[in-house]
Amino acid sequence: MQIREASEADRAALAALHQAAFGAEGAIVAELALTLLDDPSAQPLVALVAETSAGIIGSAIFSAARINGAERLAAAILSPLAVAPAYQRRGVGRTLIEHGISRLREAGVDLVFVLGNPRYYGRYGFRAQHAVSAPYQLAHPDAWMALALRPAALTAASGVLRCADALHKPELW
Ligand SMILES: CC(C)(COP(=O)(O)OP(=O)(O)OC[C@H]1O[C@@H](n2cnc3c(N)ncnc32)[C@H](O)[C@@H]1OP(=O)(O)O)[C@@H](O)C(=O)NCCC(=O)NCCS
């Protein structure tokens with residue numbers, strides 16, 4: 001399996017991947033993934049695909065965000081993350097997250113946010129104990145988590161996250 005940056009030529013495969021991985025929400029998430037690739041406000045973007053001889057089997061997109069109230073911190077948000085159903089539970093998601101985090105760290109990003117299952121993202125150090133609010137009110141606040149890539153980044157962070165335009169839509173939260 002190879003992890004590489006997503007390219008324009010991957011758009012159809014990315015749409016199919018997200019549709020397969022997200023079931024009933026697949027069309028909305030596929031559109032989000034493709035819109036993020038084109039969204040200037042999502043830059044700098046880390047859009048990764050996991051590829052085998054079978055094609056693209058996973059993807060993780062980390063887009064830029066800022067914290068209103070702590071603008072000097074560089075933030076990113078992971079969304080969406082998808083692994084093709086036939087390839088789940090083999091470490092593809094883990095590999096994509098670890099590659100993405102390592103690229104963000106190299107790029108000087110301080111904090112990464114995610115809205116997801118605490119049991120899954122907790123394995124990578126994401127925690128709900130932080131003072132940065134999501135852009136919209138959440139049904140499950142415990143699912144709104146942050147990971148500090150620089151020591152003490154989280155203690156300095158309080159405010160409200162403003163994410164890329166493509167993600168700044170209440171129906172996605
Ligand atoms: C969530 C997802 C990306 C995980 O990818 P993956 O390649 O299957 O994950 P990994 O192989 O790296 O890790 C597997 C482990 O995570 C756990 N896991 C997978 N999905 C989980 C979930 N939604 N909640 C909690 N744990 C989960 C598995 O139980 C497994 O643990 P185990 O090895 O102890 O059994 C993938 O299942 C997926 O695409 N799901 C549908 C779309 C989705 O929900 N995306 C995330 C939105 S936040």
Side-chain angles (χ1 to χ4, degrees), residues 1-6 10-37 39 42 45-65 75-105 109 111-130 132-149 161-173:
M1 181 176 75
Q2 183 202 358
I3 306 292
R4 62 165 174 81
E5 289 277 340
D10 298 325
R11 294 180 78 91
L14 281 172
L17 166 71
H18 288 90
Q19 267 159 7
F22 280 88
E25 295 173 347
I28 290 171
V29 185
E31 162 138 12
L32 167 63
L34 298 187
T35 310
L36 276 170
L37 296 181
D39 182 350
L45 188 76
V46 175
L48 301 176
V49 296
E51 189 172 45
T52 68
S53 54
I56 288 176
I57 59 163
S59 170
I61 301 182
F62 299 82
S63 55
I77 179 166
L78 167 56
S79 178
L81 169 69
V83 174
Y87 294 88
Q88 291 177 1
R89 298 199 163 195
R90 299 189 197 178
V92 179
R94 167 174 288 277
T95 308
L96 284 163
I97 291 172
E98 288 176 350
H99 269 72
I101 286 172
S102 143
R103 289 190 190 207
L104 294 172
R105 190 176 268 121
V109 169
L111 290 166
V112 190
F113 292 86
V114 73
L115 180 65
N117 189 304
R119 275 188 297 124
Y120 186 67
Y121 291 103
R123 298 176 178 201
Y124 308 99
F126 285 92
R127 296 284 178 268
Q129 291 76 29
H130 62 85
V132 179
S133 306
Y136 298 98
Q137 194 152 1
L138 301 173
H140 302 285
D142 286 359
W144 176 236
M145 293 166 280
L147 170 68
L149 302 188
L161 197 82
R162 168 69 212 209
C163 46
D165 295 342
L167 261 169
H168 203 77
K169 296 177 180 162
E171 63 272 23
L172 296 173
W173 297 76

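For ligands, and for the atoms within them, numbers begin at 1 and follow the listed sequence.
- Applying the 6.0 Å contact sphere to CD of Glu25 captures no more than 12 heavy atoms from other residues, nucleotides or ligands.
- Between Ala82 and ligand 1, no pair of N/O atoms sits closer than 3.5 Å.
- Taking atom 38 (C) of ligand 1 as the reference point, the nearest protein heavy-atom neighbour is Gln88 NE2, 3.3 Å.
- Checking Val114, Leu32, Leu115 one by one against Ser79, the side chain to side chain contact (heavy atoms under 4.5 Å, CB included) holds for a single residue, Leu32.
- When every heavy atom of Ile61 is checked against every heavy atom of Ser59, the shortest pair comes out as CG1-OG, 4.0 Å.
- If you check which protein heavy atom lies closest to atom 22 (C) of ligand 1, you get Asn117 ND2, 4.1 Å.
- Taking distance alone, with nitrogen or oxygen atoms compared against 3.5 Å, Gly93 approaches ligand 1 more closely than that limit.
- Considering Tyr120, Tyr87, Tyr124 only, the shortest heavy-atom separation from atom 1 (C) of ligand 1 involves Tyr120.
- Relative to atom 33 (O) of ligand 1, the option among Arg123, Arg94, Glu25, Arg90 with the closest non-hydrogen atom is Arg123.
- Using a 4.5 Å heavy-atom threshold, the side chains of Leu36 and Pro80 count as touching.
- Judged by the shortest distance from any of its heavy atoms, Leu115 lies inside the 4.0 Å radius around the atoms of ligand 1.
- At least one N or O atom of Val83 sits closer than 3.5 Å to an N or O atom of ligand 1.
- We find that Arg103 and Glu5 are joined by a salt bridge, their nearest charged nitrogen and carboxylate oxygen being less than 4.0 Å apart.
- Of the residues listed (Leu78, Val109, Leu81), the one engaging Phe62 in a side chain to side chain contact (heavy atoms under 4.5 Å, CB included) is Leu78, and it is the only one.
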